[in-house]
Amino acid sequence: MEYRNSVEFEVSGDYGLFADPVTRVGGEKFTYQIPTYEALKGIMQSVYWKPTLIWIIDAVRIMDPIQTETKGMRPIRYQDNKNDLSYYTYLKGCRYQARAHFIWNMNRPGLKKDRNENKHHNIAKRMIQRGGRRDIFLGTRECQGYVQPCVFGEGKGFYDNVPELDFGMMYHGITYADEAYSEETKGKMSVRLWRAVMKKGVIYFLPPWECIHRPIREMHMKEFDVACGNIMIADEEEVMR
């Protein structure tokens, strides 16, 4: 489904690491076969972010074959700050098309005056053309990525003729207090899970409120005062000029 404020982009990079946060603590890191919703949302936030809105990732198209490569790494150990030896398994040769749209963050009524859909949509499209406002990463800091505009569905994808591929239950993302969508998620940090299925190279994501979610801990929402909000609105109007 396409929305009036939808944006489409292609992201690519030599390597990607989309791992479940639970498996990252032990030192060894092993990537999922496909990018997670949270990683794609992070990419879109690096392209253009404002607390007035929340990015929703609608779909991702896997363009190139899924390949992995394992590397020996020497991370710092938590207990004594000394080097350790670990093996990280990365995705190799990553290229994806993605479609996203934004909704207003109703948890921030103080920024109501900044809810100008046309303004934010146009700025987001320009930021995609320029490669984003901040550095783009494919899952982790060492996996540099690059963003450019595209038409979702155009071009030949490696899995276009594969009817269906089920990746099972996966980590979807984390819902923070400032993006709570229900009474159960308000004032909490919650983790979301879902079942990922690729059909002819395309994965259609469930929105956060339709996923399985589990509260992790209590969390306070960061507040923006009126003065701060006015500064952000002024900044946007300057960008429009």
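Keep in mind that the numbers below use all heavy atoms, side chains included, and drop hydrogens, waters and symmetry copies. This is a predicted model, so every value here is computed, not measured.
- For Q97 (side chain) and G153 (main-chain N/O), a donor-acceptor pair under 3.5 Å exists by modelled atom type.
- Under the 4.5 Å side-chain heavy-atom criterion for grouping Ile, Leu, Val, Met, Phe, Trp and Tyr, M73 is not connected to F30 through any hydrophobic cluster.
- When the side-chain hydrogen bond (donor to acceptor under 3.5 Å, both in side chains) test is applied to N107, the partners found at least two apart in sequence or on another chain are N105.
- Cluster membership for L17 and Y32, using ILVMFWY side-chain heavy atoms within less than 4.5 angstrom, is not shared.
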Might you work through the side chain to side chain contact (heavy atoms under 4.5 Å, CB included) test for V60 and V202, ending with a clear yes or no? CA-CA 6 Å; V60 64; V202 179; over 6 Å; no

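- Screening residues 126-150 for ring-ring contact (aromatic ring centres under 6.0 Å, His included) gives no qualifying pairs among residues at least two apart or on separate chains.
- Taking every heavy atom of both residues into account, L85 and E28 meet most closely at O-OE2, 4.2 Å.
- To the nearest 0.5 Å, atoms NE2 (H120) and NZ (K50) are separated by 8.0 Å.
- Shortest non-hydrogen contact noted between C94 and G16 is SG-N, 3.6 Å.
- Remark: D14 pairs with no residue by the salt bridge (Lys or Arg N to Asp or Glu O under 4.0 Å) rule, at least two apart or across chains.
- D178 places none of its side-chain heavy atoms less than 4.5 Å from the side chain of P51.
- Here the side chains of T175 and H213 are not in contact, with every heavy-atom distance at 4.5 Å or above.
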Residues D160, R61; criterion side chain to side chain contact (heavy atoms under 4.5 Å, CB included); working and verdict: CA-CA 9 Å; D160 290 351; R61 184 177 177 219; 2.9 Å; yes

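- For NZ of K92, the number of neighbouring non-hydrogen atoms (other residues, nucleotides, ligands) closer than 6.0 Å is 12 at most.
- Checked by atom type and distance alone, the side chain of W104 never pairs as donor or acceptor with a backbone atom of K112 at under 3.5 Å.
- Note: I216 CD1 to I174 CD1 = 5.0 Å, rounded to the nearest 0.5 Å.
- Remark: K186 pairs with E183 by the side-chain hydrogen bond (donor to acceptor under 3.5 Å, both in side chains) rule, at least two apart or across chains.
- With a 6.0 Å radius and a threshold of 12 heavy atoms from other residues, nucleotides or ligands, N161 has its CG atom at or below the threshold.
- Residues Y3 and D58 meet the side-chain proximity criterion, which asks for heavy atoms closer than 4.5 Å.
- For the atom pair CG of N5 and CG of N122, the computed distance is 11.0 Å after rounding to the nearest 0.5 Å.
- With no hydrogens or angles considered, a side-chain donor-acceptor pair links T89 and T70 at under 3.5 Å.
- A 4.5 Å side-chain heavy-atom check between I203 and Y159 finds every atom pair outside the cut-off.
- The shortest heavy-atom contact between A100 and I57 is CB-CD1, 3.7 Å.
- When side chains are defined from C-beta on, V47 does not count as touching F9, because their heavy atoms never get closer than 4.5 Å.
- Distance alone, capped at 3.5 Å, is enough to place a donor-acceptor pair between the R134 side chain and the Q45 backbone.
- Linking Ile, Leu, Val, Met, Phe, Trp and Tyr residues whenever their side-chain heavy atoms come within less than 4.5 Å places F158 and V162 in a single cluster.
- Between Y181 and W209, the ring planes are perpendicular. Angles over 60° get that label, and only those under 30° would be called parallel.
- The CG atom of L206 lies 11.5 Å from the CD1 atom of I56; values are rounded to the nearest 0.5 Å.
- Between I43 and L138 there is a side-chain heavy-atom pair separated by less than 4.5 Å.
- The hydrophobic cluster containing Y176 also contains Y171, counting ILVMFWY residues as joined when their side-chain heavy atoms lie under 4.5 angstrom apart, directly or transitively.
- When each of K29, E69, E142 is checked for a side chain to side chain donor-acceptor pair (under 3.5 Å) with Y90, only E142 meets the rule.
- Listed by chain and residue number, nothing satisfies the salt bridge (Lys or Arg N to Asp or Glu O under 4.0 Å) test with R115 (two or more places apart in sequence, or in another chain).
- To the nearest 0.5 angstrom, L165 atom CG is 10.0 Å from I62 atom CD1.
- When all heavy atoms of W194 and A196 are compared, the pair lying nearest together is CZ2-CB, 3.6 Å.
- Counting all heavy atoms, side chain and backbone alike, R133 lies closest to M127 at CG-SD, 3.4 Å.
- Within a 6.0 Å radius of NZ in K71, other residues, nucleotides and ligands contribute more than 12 heavy atoms.
- Residues F205 and V191 share a single hydrophobic cluster, defined by chaining ILVMFWY side chains whose heavy atoms lie under 4.5 Å apart.
- Summarising the geometry, atom CG belonging to L40 is positioned 6.5 Å from atom CZ belonging to F18; distances are rounded to the nearest 0.5 Å.
- Under 4.0 Å is where a charged nitrogen must lie from a carboxylate oxygen, and between R95 and D64 at least one such pair does.
- Residue pairs meeting the salt bridge (charged side-chain N to carboxylate O under 4.0 Å, His left out) criterion with at least one member in residues 32-41, sequence neighbours excluded: E38-R192, K41-E179.
- Of the possible polar contacts, none joining the E164 side chain to the K199 backbone as a donor-acceptor pair under 3.5 Å is found.
- Two residues are said to be in side-chain contact when any heavy atoms from C-beta on lie closer than 4.5 Å; R195 and I212 fail this criterion.
- Surrounding CZ of F167 are more than 12 heavy atoms belonging to other residues, nucleotides or ligands, all under 6.0 Å away.
- You'll find the side chain of E218 reaches within 4.5 Å of the side chain of K188, heavy atoms only.
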Could you please spell out the steps behind the side chain to side chain contact (heavy atoms under 4.5 Å, CB included) verdict for H121 and F102? CA-CA 8 Å; H121 189 211; F102 63 81; 4.2 Å; yes

